[in-house]
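To find a chain, count down the sequence lines: A is the first, B the second, and so on, and within it residues start at 1. No experiment lies behind these values; they were computed from the predicted model shown.
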4 protein chains.
Amino acid sequence: MSDEPARRPHTGRRRNDAAREAILDAAFRLLTDPAVTVTIDAIAAEAGVGKQTIYRWWPSKGAVVADALARYATIVVPERAAGPFREDLTAFLIDSFRGLENEDYAAMLRQIVAAAQTDEHVAETFGAFTAARRAALRAILERGRDQGELAPDADLDMLTDMAYGVLYYRLLTRHAPLDDDAARSLAAALTERNGS
Amino acid sequence: MSDEPARRPHTGRRRNDAAREAILDAAFRLLTDPAVTVTIDAIAAEAGVGKQTIYRWWPSKGAVVADALARYATIVVPERAAGPFREDLTAFLIDSFRGLENEDYAAMLRQIVAAAQTDEHVAETFGAFTAARRAALRAILERGRDQGELAPDADLDMLTDMAYGVLYYRLLTRHAPLDDDAARSLAAALTERNGS
Amino acid sequence: MSDEPARRPHTGRRRNDAAREAILDAAFRLLTDPAVTVTIDAIAAEAGVGKQTIYRWWPSKGAVVADALARYATIVVPERAAGPFREDLTAFLIDSFRGLENEDYAAMLRQIVAAAQTDEHVAETFGAFTAARRAALRAILERGRDQGELAPDADLDMLTDMAYGVLYYRLLTRHAPLDDDAARSLAAALTERNGS
Amino acid sequence: MSDEPARRPHTGRRRNDAAREAILDAAFRLLTDPAVTVTIDAIAAEAGVGKQTIYRWWPSKGAVVADALARYATIVVPERAAGPFREDLTAFLIDSFRGLENEDYAAMLRQIVAAAQTDEHVAETFGAFTAARRAALRAILERGRDQGELAPDADLDMLTDMAYGVLYYRLLTRHAPLDDDAARSLAAALTERNGS
DNA sequence: AAGTAAACGAGACGGTACGTCCTGTCTTCTT
DNA sequence: AAGAAGACAGGACGTACCGTCTCGTTTACTT
């Protein structure tokens with residue numbers, strides 16, 4: 001390890017964290033209002049911040065928006081105490097789906113997915129976000145397998161992707177609801193015998 | 001009011017179908033290149049066409065893009081002769097995944113999904129496209145249920161969405177491959193006992 | 001001469017001359033108001049025009065401003081019927097100085113001179129403007145020489161620059177007025193014996 | 001050149017005069033390079049100084065620039081021993097013009113004139129500078145008048161402005177050279193009979 | 001054959017947002 | 001306390017696209 005970089009720990013004014021918060025809050029607020037086009041100028045004005053302060057810390061509009069989402073997402077994630085496997089799984093899926101019943105949040109997540117296809121910074125944030133969620137679900141599934149509720153050789157990654165796949169597929173195509181019944185049906189399909 | 005306007009069948013130059021083709025081809029070509037921003041000006045230039053010729057026939061950029069997709073999508077749908085259920089299902093999924101091994105097509109589909117979140121014309125075309133694909137898969141699953149290979153009360157819509165969910169989720173997040181092994185593992189998870 | 005370029009004289013919509021006028025008028029109006037910072041956005045808004053329409057025809061803000069001046073300058077140039085040399089010269093100088101008694105115009109000319117030092121497009125417009133004015137004055141001086149009122153070997157270019165030099169020097173330094181008396185004194189110094 | 005700034009120590013409490021020098025030198029160096037936009041950040045970086053150190057001692061960018069000029073200008077003023085009037089005048093003009101044969105100095109003076117139109121600090125410094133130069137020339141002209149080489153009622157202020165007018169007019173318009181011949185022709189036009 | 005109407009390639013237009021640059025101020029740590 | 005570093009609010013710049021609006025030309029049907 002190099003000991004040289006630490007020589008000059010920092011010079012100059014330090015990043016204003018209040019500005020960071022204000023920007024993310026403003027972005028989130030605007031994202032939420034469907035009547036408003038989310039503009040960097042609008043975010044800057046809403047946050048009472050200069051545009052350059054945004055571009056100093058985020059490489060593009062999409063990156064700001066992605067961060068604003070990620071921040072909100074962290075809040076919504078509910079922590080589950082470990083209970084019986086099937087109940088935990090069902091509860092997890094119900095919670096996940098319910099987050100999207102808020103149309104604001106659903107709209108925002110759609111925009112993030114869209115932006116991630118174009119903007120690599122958004123893609124990165126979105127990738128980290130989904131990886132974390134997959135890990136949470138996978139932990140539950142692992143517990144299920146360890147408790148003998150899932151086959152020992154079950155492809156847990158595939159089961160995870162099937163669950164989140166349904167969520168994103170319905171989020172993006174809107175062809176079917178993401179309600180409690182859907183969550184329960186999904187939980188059942190994942191855990192029970194489908195075939196003979 | 002007159003209901004007769006249709007009396008005069010047509011005057012003036014007729015729509016140039018070569019231009020239509022050129023526009024759709026150009027749009028497709030640009031959609032395929034991830035380094036290029038798909039612009040109406042770019043499409044017009046690539047097609048050797050005036051911008052107005054595009055806007056005369058399509059209401060928005062998204063609509064052109066959607067049409068370009070719809071045209072290509074029709075081509076790739078593979079028709080399956082009915083064989084044993086599990087084989088048919090596996091073959092269908094393998095075919096579907098293989099279409100996305102062509103990075104051009106995958107890139108385009110990603111852009112379409114993204115555009116559908118913003119543009120209602122694209123959303124409509126995309127919706128029709130996915131509905132058709134779901135119907136094809138559902139037909140196979142129904143055959144499976146009728147043959148007793150799936151539980152009589154299985155939620156076939158959910159199973160369909162689980163399959164396409166995996167496809168789109170992996171397409172959009174790129175966190176895991178969409179190869180033949182994945183298709184087989186997915187087919188197995190859909191048909192075999194996962195739980196106890 | 002080639003006869004091919006003329007084959008396609010022009011395609012596409014033609015430049016809207018009303019917009020050109022509106023832009024130049026707006027620029028002039030803003031230039032005139034000392035309370036307003038002359039901005040491209042401001043000019044565009046004032047002219048009811050898109051910014052791109054300005055940048056399509058002028059390479060920079062300075063160029064627009066320079067054109068706005070040149071346009072006004074053309075208007076102010078008074079045409080002089082030829083009379084007796086000394087009267088013509090005095091009248092020309094008086095007219096030239098009087099144009100600058102309008103503080104708006106003086107301020108604008110100062111800004112043009114300043115901009116010309118930085119912006120090559122302004123420099124070009126300004127150069128053409130001053131060359132035309134010099135030519136007008138030189139024509140008067142030539143008449144004076146031909147009438148025997150100036151020495152046959154007088155350096156008319158130098159005399160021209162001495163006259164305009166006074167005008168610009170006082171315009172830029174503001175240390176002495178550019179009034180009728182100054183014009184008369186200048187005319188006298190140019191035509192009469194200074195030395196023994 | 002660039003290894004010196006590091007030598008300069010902090011002085012703590014009192015104003016560090018080395019910093020002042022470094023700033024003025026840096027400003028001058030940048031002013032001299034027409035390819036570089038003279039920015040406060042650029043001056044600070046070139047001088048190895050914090051921006052605040054500049055703003056602590058000068059009220060605006062223009063003020064720094066003006067000081068940088070004033071400093072250099074003092075250096076170039078040539079002192080003339082009194083000789084015969086016409087020789088002194090010619091020598092004075094030749095010296096003045098020769099100073100501008102150095103393109104660096106000419107470029108800087110152009111920028112100063114330009115800046116003076118915008119920035120009141122520069123205008124003040126520039127005004128003091130030109131007043132001093134005028135006084136020097138006027139002293140020569142007064143001697144000429146006292147020696148009977150100029151008419152007793154000659155408008156010496158006007159003659160002064162005619163001389164400096166030519167200098168600035170040619171400096172700013174670049175339409176004719178400021179060489180020794182020009183200086184001699186100017187001296188002649190100021191002192192000899194132009195008219196009949 | 002002449003007239004008329006629509007579609008065409010080209011490209012200018014009014015707008016909106018972008019991301020960069022610069023100014024003058026403010027903040028933090030160092031000397 | 002002054003200095004170097006550098007973040008901050010504000011605001012102008014010039015570019016990129018969108019969807020609309022002319023131009024003059026070409027193509028087809030109608031008279």
What is the distance from [atom1] of [X] to [atom2] of [N], rounded to the nearest Å?
X	N	atom1	atom2	value
L30(D)	dC22(E)	CG	P	12 Å
D41(B)	dA12(E)	CG	P	12 Å
I54(D)	dG6(F)	CD1	C1'	14 Å
R20(B)	dA7(E)	CZ	P	15 Å
I43(B)	dC17(F)	CD1	P	12 Å
E46(B)	dA10(E)	CD	P	13 Å
D119(B)	dC17(F)	CG	P	18 Å
I40(A)	dT16(E)	CD1	P	18 Å

Phosphate OP1/OP2 of [N] contacted by [X] side-chain N/O (<4.0 Å):
X	N	value
Y55(D)	dG24(E)	yes
T53(B)	dG9(E)	yes
K61(A)	dC18(E)	yes
R14(B)	dA7(E)	no
T37(D)	dC22(E)	yes

Handout entry: Sugar-phosphate only, base, or nothing, as touched by W57(A) at under 4.0 Å among non-hydrogen atoms
Key = sugar-phosphate
Which nucleotide in the list [options] gets nearest to the side chain of [X]?
X	options	value
R13(C)	dA12(F), dC21(F), dT23(E)	dC21(F)
K51(B)	dG19(F), dG14(F), dC18(E)	dG19(F)
R56(C)	dA12(E), dT15(F), dC22(E)	dA12(E)
Q52(A)	dG19(F), dT20(E), dC18(E)	dT20(E)

Practice task
Considering only NZ, NE, NH1 and NH2 on the basic side and carboxylate oxygens on the acidic side, decide whether D67(D) and R20(D) come within less than 4.0 Å.
Solution key: yes
Handout entry: Closest-nucleotide ordering on DNA chain F, the 5'-leading residue of A44(D) and G50(A)
Key = A44(D)
Fill in the blank from the handout: Of N16(A) and V38(C), the one whose nearest nucleotide on DNA chain F sits closer to the 5' end is N16(A)
Practice task
State, yes or no, whether a side-chain contact exists between R71(B) and D25(B) at a heavy-atom distance under 4.5 Å.
Solution key: yes
Exercise for the section: Just jot down the side chain to side chain contact (heavy atoms under 4.5 Å, CB included) partners of A22(A), sequence neighbours excluded, or say none. Expected result: A47(A)
Exercise for the section: State which residues pass side chain to side chain contact (heavy atoms under 4.5 Å, CB included) with R110(D); sequence neighbours excluded, sorted by chain then number. Expected result: Q117(C), E103(D), A106(D), A107(D), L171(D), L172(D), R174(D)
Fill in the blank from the handout: Between A19(C) and T39(D), whichever has its closest DNA chain E nucleotide further toward 5' is A19(C)
Fill in the blank from the handout: Exactly one of V38(A), V65(A), L31(A) clears side chain to side chain contact (heavy atoms under 4.5 Å, CB included) with Q111(A), and that residue is L31(A)
